[in-house]
Chemist: 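Below you'll find the structure I mean.
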Amino acid sequence: MVERFCEMVRIDSESGSEARFIEATKRQLEAELSAKCVLDEHGNLVAKIPAKGATGGAPIFLAAHADTVKPGVGIEPIVEDGVVRSKGETILGADDKAGLAAIIEAVLTAEQRPPVEIVVTLGEEVGLVGARHLDLSLLDAKRGIIADSDALNEVIIGGPTHASVDVEIVGKAAHAAAPEHGVSAIRVAAQAITRFEEGKLDDETVANVGTIHGGMIRNGVPECVTIEAECRSLDHGKCLKQAETMKAAFEETATAVGATANVRVRIEYEASRTPEDSGIVRLAKEAIAAAGLEPETEVILGGTDALILSGRGLETAVIGVGGEAAHSTDERIRVADLEKASEILRNLLEIAAAE
Ligand SMILES: [Zn+2]
């Protein structure tokens, strides 16, 4: 499995450039698992593998994402003292190729399993794009697991509503020596941002102003500023309310001084929660316990493909793969943890087949 994982990370697949990795994975699944593979119109891979052993058990999907963040070109994995890491100039890509390696190993080694559909999505890191476009008509499974978190004992069962807030402030340009003829867009932005709360607003709600760009020259009153902000909450209503507060702060501040604020609020995805007593969460917890760990369920403020797929009607939970320091050149995974992840997934398939 470690060798297979290393082979996977050697194939570049930064977001937007996953095609070669998808093609290699398709060939591998066809050769090793006799899977029937299809790419949907968006380029996501769906691989169907028939049941083995016991005939019980409804179909289940196991998903991971193909894309990695940057810097992810020319990854050279090194296995040293039981840990896999990159040579140091790139990420490792355990997020999420460790998930996929563990899935394949689990399907290969499970003594019995229900029909399995391995789903490999594109563009997870850039807005869950693949999951949004995934052709669900290719899937028989109504429930599944995404192997794309860290802690091996955690089952992630819910996430937030996420609103993007894009702002363009238009003031009036003037020479810095005659500022009375201008309206400073930078000043409007600064004042507006201090009119709403930012950071952790309560234990389920956060807000952030992530980028700000504006002004052209030192000796001119700046005419334009653009801002990218966002807020998230496990409570859908709280997220909408915070987004409205931010929008109003920009609009009112701008209007008061004769500037204009064009604010666009976009809901990226909506909060959802897979019930604790649903079949898939029970299955995940049993599989973790059977691997000797204490299962815990969590809700997180981060986005995962599970939010999209849950929103689209599939019963979905996320489990951990054991990687550390994802999205950094220090990213690494212990071989023992990767093996544990595949053990959990194998347990899950065997328990599901016996249902
Ligand atoms: Zn990931």
Side-chain angles (χ1 to χ4, degrees), residues 1-11 13 21 25 28 32 62-69 72 75-88 90-110 113 116 118 120 124-125 144-157 280-281 283-298 300 302 304-306 316-352:
M1 173 173 44
V2 173
E3 195 36 56
R4 184 184 300 116
F5 168 64
C6 289
E7 278 305 310
M8 285 179 177
V9 304
R10 285 191 192 102
I11 305 174
S13 64
F21 178 72
T25 303
Q28 188 188 6
E32 289 192 48
L62 301 176
H65 61 87
D67 63 319
T68 74
V69 294
I75 295 169
E76 283 186 55
I78 298 173
V79 188
E80 209 172 59
D81 301 326
V83 178
V84 193
R85 56 177 80 242
S86 79
K87 265 181 94 181
T90 64
I91 53 148
L92 174 62
D95 176 10
D96 187 21
K97 289 172 183 170
L100 184 56
I103 288 171
I104 294 173
E105 183 73 8
V107 177
L108 272 172
T109 56
R113 59 177 190 237
V116 177
I118 297 179
V120 188
E124 192 270 353
E125 302 284 6
I145 289 287
I146 295 179
D148 186 24
S149 180
D150 308 328
L152 288 163
N153 69 322
E154 275 176 13
V155 185
I156 296 174
I157 60 170
I280 199 67
V281 175
L283 205 50
K285 287 166 81 173
E286 274 182 49
I288 290 167
L293 301 174
E294 184 75 41
E296 278 173 27
T297 51
E298 298 270 347
I300 58 167
T304 66
D305 277 350
T316 310
V318 185
I319 64 166
V321 187
E324 291 173 73
H327 297 205
S328 82
T329 54
D330 197 31
E331 187 185 10
R332 60 196 180 272
I333 187 166
R334 295 196 307 153
V335 171
D337 287 345
L338 182 56
E339 284 168 352
K340 195 54 125 177
S342 80
E343 182 188 339
I344 291 168
L345 285 159
R346 186 176 66 234
N347 292 344
L348 187 130
L349 292 178
E350 291 178 348
I351 296 167

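For the numbers below, each heavy atom of this structure counts, side chains included, while hydrogens, waters and symmetry mates do not.
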Chemist: Hey, could you give me the CG/CD1 distance between Asp148 and Ile319, rounded to the nearest 0.5 Å?
Modeler: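 Rounded to the nearest 0.5 Å, the CG-CD1 separation comes out at 10.5 Å.
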Chemist: Heavy-atom distance under 4.5 Å between the side chains of Ile145 and Ile280, does that happen here?
Modeler: yes
Chemist: Considering non-hydrogen atoms only, spot the tightest contact between Phe5 and Ala101 and give its length.
Modeler: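 Where Phe5 meets Ala101 most closely, the heavy atoms are CB-CB, 3.9 Å.
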Chemist: Using modelled atom types and a 3.5 Å cut-off, is there a donor and acceptor pairing between side-chain atoms of Asn153 and backbone atoms of Glu294?
Modeler: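 The answer is yes, because a donor-acceptor pair under 3.5 Å joins these two groups.
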Chemist: Would you say that Thr109 contacts Ser342 through its side chain, given a criterion of any heavy-atom pair below 4.5 Å between the two side chains?
Modeler: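 SC-SC contact between Thr109 and Ser342 ruled out.
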Chemist: To the nearest 0.5 Å, what is the distance between CG on Leu349 and CD1 on Ile103?
Modeler: 9.5 Å
Chemist: Between Arg334 (side chain only) and Gly322 (backbone N and O only), is there a donor and an acceptor less than 3.5 Å apart?
Modeler: no
Chemist: Treating Glu124 as the side-chain partner and Asp67 as the backbone partner, does any N or O pair qualify as donor plus acceptor under 3.5 Å?
Modeler: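 Such a contact is absent between Glu124 side chain and Asp67 backbone.
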Chemist: Which atoms form the tightest heavy-atom contact between Ile91 and Ile75, and what is the distance?
Modeler: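 Smallest interatomic distance, heavy atoms only, reads O-CG1, 3.5 Å.
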Chemist: Taking salt bridge (Lys or Arg N to Asp or Glu O under 4.0 Å) as the test, write out the residues that go with Glu76, two or more places apart.
Modeler: Lys87
Chemist: Who passes salt bridge (Lys or Arg N to Asp or Glu O under 4.0 Å) against Asp305, sequence neighbours left out?
Modeler: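 Asp305: no salt bridge (Lys or Arg N to Asp or Glu O under 4.0 Å) contacts found.
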Chemist: So Leu293 and Ile344, do their side chains get closer than 4.5 Å, heavy atoms only?
Modeler: yes
Chemist: Answer whether the closest heavy-atom distance between the side chains of Leu348 and Leu62 falls below 4.5 Å.
Modeler: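 Yes, close enough: below the 4.5 Å cut-off.
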Chemist: Report yes if some heavy atom in the side chain of Leu108 is under 4.5 Å from a heavy atom in the side chain of Arg346; otherwise report no.
Modeler: no
Chemist: Mind listing the closest non-hydrogen atom pair of Ala317 and Val281 along with its distance?
Modeler: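 Heavy atoms of Ala317 and Val281 come nearest at CB-CG2, 4.5 Å.
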Chemist: Once side chain to side chain donor-acceptor pair (under 3.5 Å) is applied, what residue pairs with a partner in residues 94-103 remain, sequence neighbours excluded?
Modeler: Ser13-Lys97, His65-Asp95, Asp95-His327
Chemist: I need the minimum non-hydrogen distance between Ala94 and Glu331, along with the two atoms involved.
Modeler: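 Residues Ala94 and Glu331, closest heavy atoms: N-OE2, 3.1 Å.
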Chemist: State the CZ-CD distance between Arg85 and Glu80, to the nearest 0.5 angstrom.
Modeler: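 Rounded to the nearest 0.5 Å, the CZ-CD separation comes out at 7.0 Å.
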Chemist: Pick from Asp337, Leu345, Ile333, Leu100: which one makes a side-chain contact (heavy atoms from CB on, under 4.5 Å) with Val321?
Modeler: Ile333
Chemist: With sequence neighbours left out, write down each residue that passes side chain to side chain donor-acceptor pair (under 3.5 Å) with Glu286, or none if nothing qualifies.
Modeler: none
Chemist: List for me each residue that meets side chain to side chain donor-acceptor pair (under 3.5 Å) alongside Gln28, sequence neighbours excluded, and say none if there are none.
Modeler: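 Gln28 satisfies side chain to side chain donor-acceptor pair (under 3.5 Å) with Glu32 once adjacent residues are dropped.
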Chemist: For Glu343, enumerate each residue passing the salt bridge (Lys or Arg N to Asp or Glu O under 4.0 Å) test, keeping only those at least two apart in sequence or located in another chain.
Modeler: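 Partners of Glu343 under the salt bridge (Lys or Arg N to Asp or Glu O under 4.0 Å) test: Lys340.
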Chemist: Side chains of Ile288 and Leu152: closer than 4.5 Å at any heavy-atom pair?
Modeler: no
Chemist: Work out which heavy atom in Ser149 is nearest to a heavy atom in Val318; give both atom names and the distance.
Modeler: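 Closest heavy-atom pair between Ser149 and Val318: CB-CG1, 3.9 Å.
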Chemist: Working note: Val84 + Leu338, criterion side chain to side chain contact (heavy atoms under 4.5 Å, CB included); need CA distance, chi angles, decisive distance, verdict.
Modeler: CA-CA 10 Å; Val84 193; Leu338 182 56; 5.7 Å; no
Chemist: To the nearest 0.5 Å, what is the distance between CG on Asp150 and CD on Glu324?
Modeler: 8.5 Å
Chemist: When rounded to the nearest 0.5 angstrom, what is the spacing between NZ in Lys285 and CG in Leu283?
Modeler: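 Rounded to the nearest 0.5 Å, the NZ-CG separation comes to 12.0 Å.
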Chemist: Under the side chain to side chain contact (heavy atoms under 4.5 Å, CB included) rule, what do Met8 and Ile104 come out as? Steps first, then yes or no, please.
Modeler: CA-CA 12 Å; Met8 285 179 177; Ile104 294 173; 3.5 Å; yes
Chemist: Quick one: closest heavy-atom pair of Ala341 and Gly320, and the distance?
Modeler: CB-O, 4.2 Å
Chemist: Does Arg10 CZ have over 12 foreign heavy atoms under 6.0 Å away?
Modeler: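 Result for CZ/Arg10: enclosed.
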